[in-house]
2 protein chains.
Amino acid sequence: MTGAIRPIHARGGHHLVQQRRNYPHVARRLEDLAIPVFRNRGEEIHGSDCSDVYWYRVLSGSARCYVVLPGGRRQILDLLLPDDFFGFTGDEGHFYGIDAVVDNTNVACYPREALQTLADSDSAVAHEISAMVLGAMSRSQQLILILGRTTAREKVGAFLVKIMQRVVNDDAGRLVLPTSRYDIADYLALSVETVSRALTDLTHRGLISLAGPRRVRILNRCGLDEQLTSDSDRQGD
Amino acid sequence: MTGAIRPIHARGGHHLVQQRRNYPHVARRLEDLAIPVFRNRGEEIHGSDCSDVYWYRVLSGSARCYVVLPGGRRQILDLLLPDDFFGFTGDEGHFYGIDAVVDNTNVACYPREALQTLADSDSAVAHEISAMVLGAMSRSQQLILILGRTTAREKVGAFLVKIMQRVVNDDAGRLVLPTSRYDIADYLALSVETVSRALTDLTHRGLISLAGPRRVRILNRCGLDEQLTSDSDRQGD
DNA sequence: CGAGCCGTTGAGTTCATTCAAACAGGGTGG
DNA sequence: CCACCCTGTTTGAATGAACTCAACGGCTCG
């Protein structure tokens, strides 16, 4: 499954690190450690077997980190856009992996040991890493807040707002979703049908408008965000 | 609200840090930075105003980190037991805070700047911090997995299994919950009634037994964990 | 003893899910 | 070019689950 990149690792990974450790005056940078991986939509970037060996960072495209629960359901733990950093933290008993979400996704895989070694010797790198880990932590907390929402409409609305903050979008609130309905469903712990219904519902309420399944326009961001408080929808409709 | 600890901070916080920075030969340890806070059940440890200034670590007792959503619902982001580390990551627009869950809870508050400075000069401390951040990340991911479960029974079951792994419990699977039903509800994004019903349901199924509201005994851990797959409950009941 | 909090149980409603079907778009091959 | 398939999306109907509102029992503390 993931064998394609392991030779690269064996060739340029730990060995190179050990070699260079003896020359601290050589400015080693994060990118020197990166094992580049290119994948098309749906292809596995890394699988369950070596998930605690690497850290991952999306360079272009987007990826999803997920866990397959014993029941067969897939829970997406994180949606990775360019510059996002991610690593699994040893949840045992599940199959977990990282897939590309769009074609030509480029992910950098950093061997953890080597990254640690580099961080020890270069505090600028250490700062960069901790900033990225903090970013991952932030996305994690925000997903908890979304999953903690009560209704599907609120979850989808909050998802759209969060995504809008992360992807390129014009001032008019137009954005292109990187994900399919199935990915949204597995991210929000909903069924596909419910996601679809929530989107049409939001459209009918005038909060968003859809131009094709992926092209969303946020018409009323505050309305999306504070749908929680909305008992106003009963009055307004 | 949180004014009680600010004088301590002003007295021994950044000032002390700046002073000692000039003596790198002095072995500065994490505990030197800690602002100790003692709180009883329900008392606030830190509130919304200074949540991005500190990192927190529970030394004894337990605490809850939560966010109050616009609608008034409280989502608990993390349940902190001794040695657990936590920090908010800048979710704007919400009120968030940390409360003690049991009496005599002792929490160490570390000023972030000073912690960073210390980590830069002492790689052992940096390792310790990154290990603790990783622990927080792990709990975060596990909560996502719990929230991603479909039924309330699964959520509560998974919660019990996770808690069992973290609190002291004898070999017979007996443990004492640190939390009330309300806290469990806000942690799992369920209503209190649903939590209560799920617990009695699990009892009827023979997976747990209750000796008082807080005293739980896990009778069948695998059954709790893999309730996901269980269509067996229809046959068995 | 009363007040207040916590926990449980019941009844009715709301909401998400499942199962099912239909539709749209992109690709391939005839 | 059209037929066809496949994937992704949407909508409908019926079931099932969690929520709200409500009431009650237990417990602690003043």
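Letters go in sequence order (proteins before strands), and every chain restarts at 1. We use all heavy atoms of the structure for the numbers below, so side chains are in, but hydrogens, waters and symmetry mates are not.
Under 4.0 Å is where a charged nitrogen must lie from a carboxylate oxygen, and between B:E31 and B:R57 at least one such pair does. Checked for salt-bridge contact, B:D183 and B:R74 meet the test: a charged N lies under 4.0 Å from a carboxylate O. Using a 4.0 Å cut-off between charged side-chain N and carboxylate O, A:D201 and A:R205 make a salt bridge.
Contacts of B:A185 with the nucleic acid, taken as non-hydrogen atoms under 4.0 Å apart, are absent.
Atoms NE2 (A:H204) and P (D:dT10) sit 11 Å apart, rounded to a whole Å. Following rounding to the nearest Å, A:R181 (CZ) and D:dT10 (P) show an atom-to-atom distance of 4 Å. Rounded to whole angstrom, the span from the CD atom of A:E154 across to the C1' atom of C:dC15 amounts to 12 Å. Going from atom CG of A:D201 over to atom P of C:dA16 covers 9 Å, rounded to whole Å. Atom pair A:D186:CG and D:dT9:P shows a separation of 12 Å (rounding to whole Å applied). Atom C1' of nucleotide D:dT9 and atom CZ of A:R214 are separated by 11 Å, given to the nearest angstrom. Going from atom CG of A:L210 over to atom P of C:dC23 covers 20 Å, rounded to whole Å. Rounded to whole Å, atom P of C:dG7 lies 10 Å from atom CG of B:L177.
With D:dT9, D:dA18, C:dT17 as the choices, the nucleotide that has an atom nearest any side-chain atom of B:A152 turns out to be D:dA18. Nearest to the side-chain atoms of B:S180 among the listed nucleotides D:dT20, C:dG7, D:dA18 stands C:dG7.
Within residues 192-200 of chain B, the residues approached by DNA chain C to less than 4.0 Å at the level of any non-hydrogen atom are B:E193, B:S196, B:R197, B:T200, in residue-number order.
With hydrogens and angles left out, the side-chain atoms of A:T194 and A:S191 include a donor and acceptor closer than 3.5 Å.
No more than 12 heavy-atom neighbours from other residues, nucleotides or ligands sit within 6.0 angstrom of CG on A:N104.
Aromatic pair B:F85/B:W55: ring centres closer than 6.0 Å.
Distances shorter than 4.0 Å separate some side-chain N or O of B:R41 from OP1 or OP2 on C:dC6.
The aromatic rings of B:Y56 and B:Y54 sit tilted relative to each other, their planes meeting at an angle between 30° and 60°.
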